[in-house]
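Beneath this line is the structure, given in structure tokens, with notes to follow.
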Protein chains: 2
Amino acid sequence: MPEPKQTKASPTMADTDIAIVRIAPETSFKNKAYEALKEAILKMDIYATPEPVMLDERALSERLGVSRTPIREAIAMLEQDGFVKTVPRRGIVVVRRTKAEIVDMIRAWAALESMAARLITTTARKKDISSLRDFFKDFSDDRLPQDHIEEYSKANIAFHQALISLSESPVLVDLTNDLLLHVRGYRQLTIGRKDRTATSLPEHLGIIEALEARDTELAEKRARDHTLGLAAYVEAHGQELFT
Amino acid sequence: MPEPKQTKASPTMADTDIAIVRIAPETSFKNKAYEALKEAILKMDIYATPEPVMLDERALSERLGVSRTPIREAIAMLEQDGFVKTVPRRGIVVVRRTKAEIVDMIRAWAALESMAARLITTTARKKDISSLRDFFKDFSDDRLPQDHIEEYSKANIAFHQALISLSESPVLVDLTNDLLLHVRGYRQLTIGRKDRTATSLPEHLGIIEALEARDTELAEKRARDHTLGLAAYVEAHGQELFT
DNA sequence: ATTACGTTTTTGGCATACCAAATGCCACGA
DNA sequence: TCGTGGCATTTGGTATGCCAAAAACGTAAT
């Protein structure tokens, strides 16, 4: 069989070096299923219904048009992530976090973010730090965050992720992203935060200023206290969801 | 329908309540394989050989006496943990961390542990804090840590894990345990730490004192600086292993 | 001897079939 | 009416077999 792929055309092409990029890795069904299920789980409002949300292997394999095997492997991965829990001979249940768990996660997030802030003061470029303000450029005294909760919430998340990224620490980035995925499901964080929004923006700016000033201790403290404030808020006002 | 199970013996036993404990869940082959492989990976010295360490599904299934299916699911889980990486049509390779990654992980660990220290100052009982000293009771001026590296190293790990546990934060505990598993493979952390051992013990005691004094900021700072010190040490003296 | 090319083997991905435990349903009997 | 026993169903767990890509091997042509 001729031409399996790329570079075998003429023997004299040597190292003309066509920019070949390893071709598409053609992600496996296992990974496709993983991504699909993960997205579906994150999208659904787990805390809406009182009954536990169950998944059915066979139903999923039919819906996604693949056999149970890749589905099961994807489920095993999701279970490692803590998104689902499979109970032998009973079913696969989407994990619901308690308020205490959410608060706990936010505290861990605070720890990681404050470390990120610390690192940023010693390594990041001034330009990159300052550009963090851009996330909030659409808000002002004429256009208050609390009047555009949904939009501000997105900017908020984006800011925090960009902040962590500036630390150039893959571990901090990955860990916080994982935590955010879990916390995110808790809708109240977005909706009920209306009364927190007012203080949120100034605190963000305060963090940025400390970073620009290369004040390691202050930046760390502000980043930590800001997110710990959210944890305290959820702990105090998050009852409703966890009936 | 009344009384689904258990109390169904004689109609008159009512709530004699025999202590039935739900029987053993009989962990599946998948989980057994996961544990076995994880332990094997952690036990081997990944950084010993220059060539990448490969795993073979079929060989493993034969060695463990099960089919490939549970093995593959276990591998999928290990991949989520970041211990292995499967390359399609190439094989399964045990992941080797670079020095930068190890340092990065230790920094994240420092972040989490300092948060744990912070929490401990506000919630833990005095008695529990003080008992942290027990881990080092076998060491003194007559029996220096640097003369019993291996033993001290174990006490060291145990101390840190006990410390984090005192925070009563499952998230902090789990995250740090995961990080430790990855960092642990880096033998130099144990062996080459001889020159760090001298300062290690006093720093530990310093952390304990700050915790006992309920000095939140100081405890946090000492915990953080202690572990960041390890990160800096590895960054400076860890070349040898990563050829 | 070296290179080119074709064949074999290896390896992970996926589909399918079967098993056993747990449930639910239902008829039979006190 | 109540509940008891058993059969059918559901559901996750496991074993097998086949496939295609890629590497390993071997052979023939230059």
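Each chain gets a letter, A, B and so on, in the order its sequence line appears, and its residues count up from 1. Keep in mind it's a predicted model, so treat the numbers as computed, not measured.
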Inset, instruction - Quick one: which residue pairs count as a salt bridge (Lys or Arg N to Asp or Glu O under 4.0 Å) with a foot in residues 151-180 of chain A, not counting sequence neighbours? - result: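 Counting only pairs at least two positions apart or across chains, the salt bridge (Lys or Arg N to Asp or Glu O under 4.0 Å) contacts touching residues 151-180 of chain A are A:Arg143-A:Glu151.
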
Inset, instruction - Look at the side chain of B:Thr69 against the base of D:dT16 and say whether a donor-acceptor pair falls under 3.5 Å; ignore hydrogens and angles. - result: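 Answer yes: a donor N or O sits under 3.5 Å from an acceptor.
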
Inset, instruction - Scan nucleotides 7-12 of chain C nucleotide by nucleotide, 5' to 3', and note B when protein non-hydrogen atoms come under 4.0 Å of the base, S if they reach only the sugar-phosphate, - if neither. - result: ----BB

Can you check the [X] [atom1] to [N] [atom2] distance for me, whole Å?
X       : N      : atom1 : atom2 : value
A:Ile71 : C:dA15 : CD1   : P     : 9 Å
A:Glu62 : D:dT10 : CD    : P     : 13 Å
A:Phe29 : D:dC19 : CZ    : P     : 16 Å
A:Lys32 : C:dG13 : NZ    : P     : 13 Å
B:Glu73 : D:dT16 : CD    : P     : 16 Å
B:Leu64 : D:dT14 : CG    : P     : 12 Å

Legend entry - Salt-bridge contact A:Glu235-A:Lys99 (side-chain N to carboxylate O under 4.0 Å):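 Judged by the 4.0 Å cut-off on N to carboxylate O distance, A:Glu235 and A:Lys99 do not form a salt bridge.
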
Inset, instruction - Using a cut-off of strictly less than 4.0 Å, decide whether A:Ser67 has a side-chain nitrogen or oxygen near OP1 or OP2 of C:dA15. - result: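 It does, given that an N or O in the side chain of A:Ser67 lies less than 4.0 Å from OP1 or OP2 of C:dA15.
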
Inset, instruction - For B:His182, check ring pair (Phe, Tyr, Trp, His ring centres under 6.0 Å) against everything at least two apart and list the hits. - result: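 For B:His182 the ring pair (Phe, Tyr, Trp, His ring centres under 6.0 Å) partners, ignoring immediate neighbours, are B:Phe83.
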
Review item, side-chain donor-acceptor pairs of residues 62-70 of chain B, under 3.5 Å, at least two apart:
| unit_1 | atom_1 | unit_2 | atom_2 | d |
| --- | --- | --- | --- | --- |
| B:Ser67 | OG | B:Thr69 | N | 3.4 |
| B:Arg68 | NE | B:Glu57 | OE1 | 3.0 |
| B:Arg68 | NH2 | B:Glu57 | OE1 | 2.8 |

Inset, instruction - Please name all residues satisfying side-chain contact (heavy atoms from CB on, under 4.5 Å) with A:Ala74, sequence neighbours left out, ordered by chain then number. - result: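 For A:Ala74 the side-chain contact (heavy atoms from CB on, under 4.5 Å) partners, ignoring immediate neighbours, are A:Ala33, A:Tyr34, A:Leu37.
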
Legend entry - Pairs where residues 49-78 of chain A contributes a residue and the test ring-ring contact (aromatic ring centres under 6.0 Å, His included) is met, not counting sequence neighbours: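 Pairs touching residues 49-78 of chain A that pass the test: none.
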
